[in-house]
Amino acid sequence: MNLKNISTSVPKKDHKGKVSGQLAYISDVKVENMVYGVLYRSPIAYGKIKSIQLPDLPEGYEAVGAEHITGPNYVKIIKEDQPIFANEWVNYIGEPILMLVGKDLDILYRLLDEVKMELEEHQAIFTLDEAIKQKSSPGVTMASYEFGESLESISAIEQGACQIIEEEYNTGYQEHVYLEPQGMLGIYKEDEIVVQGSMQCLYYIKNALITALACGDDDVRVVQSPTGGGFGGKEEFPSMMACHVAVAAKAVKKSVMLVFDRSEDMVVTTKRHPAKLKYRTALDKEGNIMSMCVEVFLDGGANVGLSSVVLQRALLNSAGVYKIPHFHAKGYVLKTNTVPNGAFRGFGAPQSFAGIESHIGHLSKRANIDPLDYKRKYLVQQGDPTITKGNFRDPILMEDMIEDLLNASNYKKKKAEFQTFNQQNQRYKKGIGTSLFLHGCGFTGSGERDHIKAKVKLYKSKDNQVSLKISNSDMGQGIFTTLSKIVAKELDLPYEEVLYPYPDTKEVPDSGPTVASRTTMIVGKLLERAAKKLKAQWLTGVEQEVTEDYVHREMIPWDEKTFTGDAYPAYSWGVNFVEVEVDTLTGNVKLEKVYANYEVGKVIDDRVMKGQIDGGLAQGLAYGYLEKMTSKEGRIQQKSITDYGPPTSMDVVTIQSKVFDNPYADGPYGAKGAGELTLIGGAPAVQAAIEDALQTSFQQIPITPEVIIESLWMKEGEEG
Amino acid sequence: MIKFNLNGRKIETDAPPTARLLDVIREDFTLIGTKEGCGEGECGACSVFVNNLLQNSCLIPIGSIDGAEVVTIEGIMESDQFKILDESYSEAGGVQCGYCIPGMVMASAALLSQNPHPSEDEIREGISGNLCRCTGYNMIVEAINMAAKKGDGLWKKQ
Ligand code: FES
Ligand code: FES
């Protein structure tokens, strides 16, 4: 297939193996001399390990713990605060302490039950609210940032305000529920340890292994297996499992397989940070915004992990898509003795957008203006500064995207119809809500230049077959297809003939992790350049190799200390309209219609993009009203998929979506990031729709039936 | 010794009667197309046909299926029906990470053989026991719709 228009869909590279089920995920793999590993985990939230007593282990069964780690006992992420095997203090229920390995899983689970441990329990912090109260105690604040206009000048503005509105908003956990639970295999070989499994970031894992095993670059190798969904859940978490299986494989000189079952996966793996957002906004007498202060608190869980970076993104999005005249923001990651929270599609932005869209929506009600009209007054425009004194330098199509959805949804007419419907119906109430949002593409600030330093390679064999040599994972999002397509088009080769094998660090350079909506834009651009180079040097029948390195385009330099400069090279944009029907008797919310417009520069494959829209939005909508995870005294309460409640085919409706073209100069064919954007607008739009239906305000997501019923009671109380 | 028919072959296994059909299929017969997503009957990744009915193999102790006919995705892979589903899933873009897909395909085949011309609501209901976290289902619904049309006649009720 030769490609005329890059957006025209092609069959996915990995379709055949997936549709038939014959592609081997990690749990389908068996290697010679393989044993299983199971983890003994902390039963308490915070305390000191006094002693551990192992049962008598039968022949062929062994215990592996901190004493087997040749390097330092931590998983290399950012800070050195996450032990591979906790051996002194435990900081959350489920923290790994040791691993039992052996042939038979049933025997391993039985032995696990017989491990005895003596612990000295200490007073734990279980909730974000407790952590906020103790945020100045040592160790509780794990990261914090502050920026914007000085509080003095803001308070001067507040002096002249007609009113000051304060709101507090809470968001809950979100669990990834990638359908394939986490799994990792450590393959033992005389001269190397090969770690293979379900993952997004090969070199994060490789670097963690080099540290943990205190070994050389050639002593470890990381290979991605087909990955059954990631959504951020397989960004940093797999590094810990990789350390477990590698340490164990080295210790017992056998290959060690560690695969979680669903309940273990739900209880011990990272989740989206629960957050509290506080808004303090000064209004003039017409209800116009004069100034705004935002405070963001993230529940980091027991280790900092990637939380500081998640907080950065949460803060960078704290003003949404709006130009607020005078703005100040501050944020904290706080430690609680609960399972560590981490990366999840959107990475702090979904919390911020849920909060700011809710707040602005509530302000519009006070001003008696339709929420969308009110939001449009403050919408940023090309050339406007960002809240960090960066610049929105590219064209912004939001106005067109909004107009288009106003027409497509018949918004004005709908509003009137719903009003009549609601007057005539006691039990069912209909509403329509909107959300406006953006997503900064790629790493924050100078991350690509200073930390990632991506490199890509194209290899051409003697028989002129071209392969992509990069470390990025296809976890279902479709980069096997999209990136191959970019290379094929540049080289004028049939798409089917370009190869992109599952990456193996022995074969591929570090093109960076598969995160942050960076792959298409950053790696795709490097591949486009590499392909151009290869084309220029092309010699038929000769083996050839070209590489390309990341080149930073200097804009307003990012300064992490002062939180100023261009936080992102480019932004993708979105508008969602959602219609719901609420059953006031049961509190159930039914989605009726969903409309979505996006702008991602240029679409590399229409079908892949549609998959991102439908899947991302389904997760985003569910985050707003369906998916609820809680922790009680440090214990996650939802241990099964049904307890948690991700959407089924019956919860979702057809999504009417459109993608606007707005090519970006530094993206391949003009493409920007798309994977995370599609999730972000779901929750705020669904909240606004429920509020519209019930003519009430909520200060939290998820808005579950219980929350709805409670608010209806309160409303009745007030009115009655 | 428990005997049953697996993908048209008579087989015997000395696995204990409490062993899960899922494990027997995967471990003893190395048929990897049947996946485990939850082990609790909640996701449908392990869907197989037992006596022509769609079942979650993680919930079935093999002791209960003595003499039964079990068909996994491998057992339908060569059929015309599978070919149509394969094409339709590709054309509609129904496959992302792929982990739910063999189960989804089994559920699709089950639905279409019961109801060769399902409405959108019937399709949604037909796959409601199969969880997919990647696609938001719509492109899968579209794939099944497409398969119903393309394979018109193939899905006649048996
Ligand atoms: S694994 Fe059987 S239903 Fe999920
Ligand atoms: S394609 Fe990933 S779960 Fe369905």
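Each chain gets a letter, A, B and so on, in the order the sequences are listed, and its residues count up from 1.
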**Student:** Using a cut-off of under 4.5 Å for heavy-atom pairs, which of B/Glu142, B/Glu120, B/Met77, B/Lys35 has the most such pairs with chain A?
**Tutor:** B/Lys35
**Student:** By a 4.5 Å heavy-atom criterion (distance strictly below it), what part of A/Thr227 contacts chain B: side chain, backbone, both, or neither?
**Tutor:** backbone
**Student:** Is it the side chain or the backbone of B/Val95 that comes within 4.5 Å of chain A heavy atoms, both, or neither?
**Tutor:** both
**Student:** B/Val50 vs B/Phe4, test: side-chain contact (heavy atoms from CB on, under 4.5 Å). Steps then yes/no.
**Tutor:** CA-CA 10 Å; B/Val50 178; B/Phe4 60 97; over 6 Å; no
**Student:** Is there side-chain contact between B/Asn56 and B/Glu42, with heavy atoms separated by less than 4.5 Å?
**Tutor:** no
**Student:** A/Ile655 versus chain B, heavy atoms under 4.5 Å apart: side chain, backbone, both or neither?
**Tutor:** both
**Student:** Heavy atoms, side chains only, cut-off 4.5 Å: are A/Leu105 and A/Val38 in contact?
**Tutor:** yes
**Student:** Given that the side chain runs from C-beta out, which part of A/Asp261 has a heavy atom under 4.5 Å from chain B: side chain, backbone, both or neither?
**Tutor:** neither
**Student:** Contact part of B/Glu36 toward chain A, heavy-atom cut-off under 4.5 Å: side chain, backbone, both or neither?
**Tutor:** backbone
**Student:** Could A/Lys30 and B/Glu27 be called an ion pair, given the rule that one side-chain N must be under 4.0 Å from one carboxylate O?
**Tutor:** yes
**Student:** Given the options B/Glu40, B/Met139, B/Arg133, which has more heavy-atom pairs under 4.5 Å with chain A than any of the others?
**Tutor:** B/Arg133
**Student:** Pick one of side chain, backbone, both or neither for B/Cys43, based on which atoms fall under 4.5 Å of a heavy atom in chain A.
**Tutor:** side chain
**Student:** Counting C-beta onward and ignoring hydrogens, is there a side-chain heavy-atom pair between B/Phe49 and B/Glu69 closer than 4.5 Å?
**Tutor:** no
**Student:** Do A/Ser473 and A/Lys234 have side chains that approach each other closer than 4.5 Å (heavy atoms only, starting at C-beta)?
**Tutor:** no
**Student:** Top residue by heavy-atom pair count (under 4.5 Å) with chain B, among A/Arg262, A/Lys18, A/Lys16?
**Tutor:** A/Lys18
**Student:** With only heavy atoms counted, which part of B/Tyr99 is less than 4.5 Å from chain A, the side chain, the backbone, both or neither?
**Tutor:** both
**Student:** With chain A as the partner, which of B/Leu85, B/Ile127, B/Thr34 has the greatest number of non-hydrogen pairs under 4.5 Å?
**Tutor:** B/Ile127
**Student:** Kindly compute the distance separating CG (B/Asp121) from OG (B/Ser128), expressed to the nearest 0.5 Å.
**Tutor:** 11.5 Å
**Student:** Determine the interplanar angle of the A/His176 and A/Phe344 rings, folded into 0 to 90°, and report it as parallel if under 30°, tilted if 30 to 60°, perpendicular if over 60°.
**Tutor:** parallel
**Student:** Specify the closest pair of heavy atoms between B/Thr135 and A/Asp614, including all atoms of both residues, with the distance to one decimal.
**Tutor:** O-CB, 3.2 Å
**Student:** Please classify the contact of A/Lys610 with chain B as side chain, backbone, both or neither, using a heavy-atom distance under 4.5 Å.
**Tutor:** both
**Student:** Less than 4.0 Å between a side-chain N and a carboxylate O, is that true for B/Lys150 and B/Glu91?
**Tutor:** yes
**Student:** Under 4.5 Å from any heavy atom of chain B, what part of A/Val608 do you find: side chain, backbone, both or neither?
**Tutor:** neither
**Student:** Should B/Asn138 and B/Arg124 count as side-chain neighbours, where that means a heavy-atom distance under 4.5 Å?
**Tutor:** yes
**Student:** Please classify the contact between B/Ser90 and chain A as side chain, backbone, both or neither, with a heavy-atom cut-off of under 4.5 Å.
**Tutor:** both
**Student:** Which bit of B/Glu125 is near chain A, if near means a heavy-atom gap under 4.5 Å: side chain, backbone, both or neither?
**Tutor:** both
**Student:** For the candidates A/Ser27, A/Gly230, A/Ser263, which exhibits the highest count of non-hydrogen atom pairs separated by less than 4.5 Å from chain B?
**Tutor:** A/Ser27
**Student:** Which one, A/Gly229, A/Gly611, A/Ala618, leads in non-hydrogen pairs under 4.5 Å with chain B?
**Tutor:** A/Gly611
**Student:** Counting only heavy atoms closer than 4.5 Å, note whether B/Ile73 contacts chain A via side chain, backbone, both or neither.
**Tutor:** side chain
